[in-house]
Amino acid sequence: DISERIDTEQQLEERTLNLTSLFNSITQILIIVDFDGVILHANKQAYSKLNYSGRGLISRSVFDLYAAEHLSEMKIVFERVKQSLSGLSTTPLLTRERVPIPVETTVTLGEWSSRQVFFMLANDETERLKIVDNLRISRANLKSLIQNSPESVALFDLDLRLVTFN
């Protein structure tokens, strides 16, 4: 029946649009890589964060996204994933201009267009690292202030436990 076929096609189109929307709304960098290391697909965040346009990531080697000194390390990550082992890395990704972006990347096995692939999901750690660095600086400043104060100073936490004193 033609109406059933039209309904099925509409449902398939809606599912495709939903998956595309999900794929591109993920805030992490998502890259799909074949077993030869060739990038098959990437989400909008990958293009935005890595500063590529059009289809600039497609058909590139995933290893182009890493500095030369990290290539062997990343090849090991992909080999470990092939063996169903952990695929976690903190190796920075490089933008098109070769500027490193601190990331935490999880690599998993999956299937894409009827073939086994790697799914790379990378969280940009830039803001988190800035916060950690600012916290470290604030702690050092506070410690210096307490130690260098001519008055007696004691710092207590919210449970009234002594944290530090001079």
Side-chain angles (χ1 to χ4, degrees), residues 1-140:
D1 184 308
I2 191 94
S3 64
E4 285 180 22
R5 183 174 171 212
I6 290 172
D7 283 346
T8 301
E9 287 177 6
Q10 287 175 337
Q11 289 173 357
L12 182 59
E13 185 177 335
E14 183 177 347
R15 284 184 187 155
T16 301
L17 290 172
N18 288 340
L19 289 173
T20 300
S21 176
L22 173 66
F23 189 78
N24 285 317
S25 66
I26 294 171
T27 58
Q28 294 90 352
I29 295 169
L30 178 57
I31 300 174
I32 300 169
V33 181
D34 73 11
F35 274 22
D36 294 322
V38 176
I39 297 173
L40 302 175
H41 203 63
N43 70 349
K44 286 182 181 179
Q45 282 295 331
Y47 281 92
S48 174
K49 297 271 185 183
L50 300 175
N51 202 24
Y52 283 87
S53 60
R55 295 178 49 86
L57 285 169
I58 306 304
S59 298
R60 294 184 78 83
S61 170
V62 70
F63 301 110
D64 290 346
L65 303 179
Y66 296 99
E69 64 267 19
H70 296 296
L71 291 181
S72 61
E73 175 186 341
M74 287 313 300
K75 287 178 181 180
I76 290 169
V77 169
F78 284 94
E79 283 304 314
R80 287 179 52 82
V81 173
K82 274 186 187 178
Q83 299 167 13
S84 299
L85 299 171
S86 172
L88 186 64
S89 170
T90 56
T91 303
L93 287 171
L94 296 178
T95 66
R96 188 171 51 84
E97 297 80 14
R98 310 301 288 167
V99 175
I101 299 175
V103 293
E104 181 178 89
T105 304
T106 302
V107 181
T108 60
L109 286 178
E111 192 173 305
W112 187 262
S113 297
S114 301
R115 62 201 266 202
Q116 276 219 299
V117 296
F118 298 108
F119 291 118
M120 291 177 53
L121 189 63
N123 292 307
D124 184 344
E125 297 285 291
T126 304
E127 289 304 313
R128 187 188 68 77
L129 292 174
K130 283 180 187 175
I131 291 168
V132 168
D133 194 45
N134 287 339
L135 183 58
R136 182 190 55 75
I137 291 168
S138 293
R139 284 182 176 162

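- For CD of Glu111, the number of neighbouring non-hydrogen atoms (other residues, nucleotides, ligands) closer than 6.0 Å is greater than 12.
- Looking only at side-chain heavy atoms (C-beta outward), Ile31 and Leu65 come within less than 4.5 Å of each other.
- With a 6.0 Å radius and a threshold of 12 heavy atoms from other residues, nucleotides or ligands, Glu69 has its CD atom above the threshold.
- Remark: Leu93 CG to Met120 CE distance equals 5.5 Å, nearest 0.5 Å.
- His41 NE2 to Arg55 CZ: the interatomic distance, rounded to the nearest 0.5 Å, is 8.0 Å.
- With contacts defined as side-chain heavy-atom distances shorter than 4.5 Å, the pair Ile29/Thr105 does not qualify.
- Side chain of Asp34 to main chain of Asp36: a donor-acceptor pair is present (N/O by atom type, distance under 3.5 Å, no hydrogens or angles).
- The shortest non-hydrogen separation linking Leu94 to Ala67 is CD1-N, 3.4 Å.
- In this structure His70 satisfies the ring-ring contact (aromatic ring centres under 6.0 Å, His included) test with no other residue, sequence neighbours excluded.
- Remark: Leu50 CG to Glu97 CD distance equals 9.5 Å, nearest 0.5 Å.
- The pair Lys130-Asp133 does not meet the salt-bridge criterion, since no charged nitrogen lies less than 4.0 angstrom from a carboxylate oxygen.
- We find the OG1-CG distance between Thr90 and Asn123 to be 12.0 Å, quoted to the nearest 0.5 Å.
- Within the 4.5 Å cutoff, the side chain of Leu121 has heavy atoms near those of the Ile26 side chain.
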Report task. Output, in order, the C-alpha distance, side-chain angles, deciding distance and verdict of side chain to side chain contact (heavy atoms under 4.5 Å, CB included) for Val107 and Phe119. Result -> CA-CA 6 Å; Val107 181; Phe119 291 118; over 6 Å; no
Report task. Take Glu104 and Leu88, measure what side chain to side chain contact (heavy atoms under 4.5 Å, CB included) needs, and give me the verdict at the end. Result -> CA-CA 7 Å; Glu104 181 178 89; Leu88 186 64; 3.8 Å; yes
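- A pairwise comparison of heavy atoms in Pro102 and Asp124 identifies O-OD1, 3.5 Å as the closest pair.
- Atoms OG1 and CD, from Thr91 and Glu73 in turn, are 3.0 Å apart once rounded to the nearest 0.5 Å.
- Pairs engaging residues 43-68 under the ring-ring contact (aromatic ring centres under 6.0 Å, His included) rule: Phe63-Phe78 [sequence neighbours left out].
- No side-chain heavy atom of Arg80 sits under 4.5 Å from any side-chain heavy atom of Val77.
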Query raised in the report: Does the pair Lys82 and Glu79 meet the rule for a side chain to side chain contact (heavy atoms under 4.5 Å, CB included), with working shown?
Result: CA-CA 5 Å; Lys82 274 186 187 178; Glu79 283 304 314; 3.5 Å; yes
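- Listed by chain and residue number, Arg128 satisfy the salt bridge (charged side-chain N to carboxylate O under 4.0 Å, His left out) test with Glu125 (two or more places apart in sequence, or in another chain).
- Contact of the Ile101 side chain with the Pro92 side chain is not registered, since no non-hydrogen atoms from C-beta on lie closer than 4.5 Å.
- With hydrogens and angles disregarded, a donor-acceptor distance shorter than 3.5 Å links the side chain of Asn43 to the backbone of Gln28.
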Query - Step-by-step side chain to side chain contact (heavy atoms under 4.5 Å, CB included) determination, Leu40 to Arg115 - result: CA-CA 11 Å; Leu40 302 175; Arg115 62 201 266 202; 4.0 Å; yes
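- Note that the CD1 atom of Ile39 and the OG atom of Ser59 stand 9.0 Å from one another [nearest 0.5 Å].
- Environment of CZ in Arg98: crowded, with over 12 heavy atoms of neighbouring residues, nucleotides or ligands closer than 6.0 Å.
- Around the NZ atom of Lys44, the shell of radius 6.0 Å holds no more than 12 heavy atoms that belong to other residues, nucleotides or ligands.
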